[in-house]
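Heavy atoms only: backbone and side chains are in, while hydrogens, waters and symmetry mates are out. Just so we're on the same page: letters track the sequence lines, and every chain starts at 1. Since the structure is predicted, the reported quantities are computational estimates derived from the model, not experimental observations.
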Amino acid sequence: MSPRPAILSYTVGLGLAILATIASFVVSQTNLLWAPGIPVGLIVLAFAQIGVHLVFFLHLGSGPDSTNNILALAFGVLIVFLVITGSVWIIANLNSNMMPMPQ
Amino acid sequence: MTIATIDRAPTAVPTELARGRGGGGPASKRIVVAYGFWIFILSDIVMFSALFAAYAVLSGNTAGGPTGRELFDLAQRLHRDDVSAVVELYVRARGVVRRTAAAGALPDLRSPHIRARCGLSVHRGLGICRHGGEGRRALAQRAFCPASSLWSARTASTSPAGLICARSIWWPRSIAKGLRAAVLRRLLCWSLFWHALDIVWVGVFTLVYLMGDSSDGRSRARVRRPHAGRRRA
């Protein structure tokens, strides 16, 4: 990549990343969003931030050079999803089936 | 059936045409190095996802200790104090420098007026430092609750991230050898590493700080009241 488009791409990435960060803080610190929707908003902003990082900083594009990297990433995402969802699901189930604690 | 190996592949195909889908010649070393490092980064992310899962499971059980939101609130107030202390120290130091410059020489240290001024400044400075230290101690005392699994999960998920950051700080020391191709590839991996670490931090920050801050569903107004008389574990 020649220097000028690279600098432009990094600048756009930096701007988008700062925007997503500010939005996350605003969502968590104000009553702008309906209160039960705040975690959902934060998760959506986190995914946007991760996408910005992957495309602009880790250069994970649609080109032939990144085909293998995207396949590996897809596998990693699957494992991460299984680990997190599985843990939360199993432990929440165990927790709800616990005997009531003596007060 | 013959198996095509790198040795038998046609060497006429230029390296730039190497495709991830099997066509073209062997990919350039830069691409291969970045791919191998990408696999390492993904394994790192899988490890952190296990720690996140532990945090998500454990963070609700505080055993009477402070909740995530209270910790975040305390830390924020502490940072505000830090910022105001630094600003005040800066303003004081600038005032001293400006007065010295205006006088054209060092002020006469024997005059009682200057002595009183210096004493006051030292006293204020010590006060600012002690104030910061007290805040930090109070935060540690309030936050430390060995029975709280929030405390364990928070420590377990944030300290490996801190360790891995600390380790990678002296990574680019090989620049001293000159910008050879191998050193440039190492720098490429370093940049990949930091940006992937950013992704991990997006997860840590969203889950531990931002969502820990807003997840117990109380209004901001109620949290703003003083923390006196709270039940301890």
Side-chain angles (χ1 to χ4, degrees), chain A residues 13 17 20-21 24-31 33 35-54 56-60 63-92 94-95, chain B residues 16-24 27-28 30-32 34-35 37-39 41-58 60-61 72 76 188 191-203 205-207 209-215 217-221:
Chain A
T21 308
S24 301
F25 269 94
V26 167
V27 162
S28 88
Q29 301 294 312
T30 64
N31 294 322
L33 275 193
I38 287 178
V40 181
L42 288 175
I43 289 171
V44 168
L45 284 166
F47 276 111
Q49 181 80 279
I50 289 172
V52 167
H53 271 72
L54 285 176
F56 289 99
F57 301 141
L58 291 165
H59 308 295
L60 213 60
D65 282 346
S66 30
T67 313
N68 284 326
N69 297 32
I70 286 176
L71 272 177
L73 175 68
F75 182 68
V77 167
L78 173 72
I79 300 295
V80 166
F81 175 76
L82 287 181
V83 166
I84 292 183
T85 320
S87 305
V88 171
W89 189 358
I90 290 169
I91 299 294
L94 283 176
N95 193 29
Chain B
E16 307 90 74
L17 291 180
R19 301 282 141 159
R21 299 182 188 89
S28 70
R30 187 179 168 280
I31 302 289
V32 175
Y35 178 62
F37 197 73
W38 183 237
I39 302 282
I41 287 172
L42 287 172
S43 70
D44 215 25
I45 287 177
V46 167
M47 187 199 79
F48 273 104
S49 81
L51 291 170
F52 286 172
Y55 183 84
V57 164
L58 294 172
N61 305 311
F72 191 79
Q76 252 190 344
L188 169 78
S191 122
L192 286 182
F193 179 84
W194 274 108
H195 288 302
L197 210 64
D198 274 354
I199 290 180
V200 172
W201 267 105
V202 169
F205 205 78
T206 303
L207 197 70
Y209 293 98
L210 294 177
M211 268 162 77
D213 180 33
S214 62
S215 61
R218 294 177 300 171
S219 71
R220 294 297 293 173

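The minimum heavy-atom distance between A/Ala46 and B/Thr206, with the atom names listed, is CB-OG1, 3.6 Å.
Note: A/Phe57 and A/His53 have perpendicular aromatic rings, judged against thresholds of 30 and 60 degrees for the angle between ring planes.
Proximity to chain A (any heavy atom under 4.5 Å) is restricted, for B/Ile39, to the side chain, taken from C-beta onward. Heavy-atom distances place the side chain of A/Leu60, and not its backbone, under 4.5 Å from chain B. Contacts of A/Ile84 with chain B are made by both backbone and side-chain atoms, with heavy-atom separations under 4.5 Å. Looking at B/Leu42, the atoms closer than 4.5 Å to chain A (heavy atoms on both sides) all sit in the side chain, from C-beta outward.
Contact count versus chain A (heavy atoms, under 4.5 Å) is highest, among B/Ala50, B/Ser49, B/Ala53, for B/Ser49. Among A/Val88, A/Asn69, A/Asn95, the residue making the largest number of heavy-atom pairs under 4.5 Å with chain B is A/Asn69. With respect to chain B, the highest number of heavy-atom pairs below 4.5 Å among A/Ile79, A/Leu73, A/Ile90, A/Leu54 belongs to A/Leu73. When each of A/Leu58, A/Ile50, A/Val77 is scored by its heavy-atom pairs under 4.5 Å with chain B, the top score falls to A/Leu58.
Rounding to the nearest 0.5 Å places CD1 of B/Ile199 at 8.5 Å from CD1 of B/Ile41. In this structure, the separation between CD1 on A/Ile43 and OG on A/Ser24 is 11.5 Å, given to the nearest 0.5 Å.
Residues A/Thr21 and A/Phe25 meet the side-chain proximity criterion, which asks for heavy atoms closer than 4.5 Å.
Partners of B/Phe37 according to the ring-ring contact (aromatic ring centres under 6.0 Å, His included) rule, which considers only residues two or more places apart in sequence or in another chain, are B/Phe40, B/Trp171.
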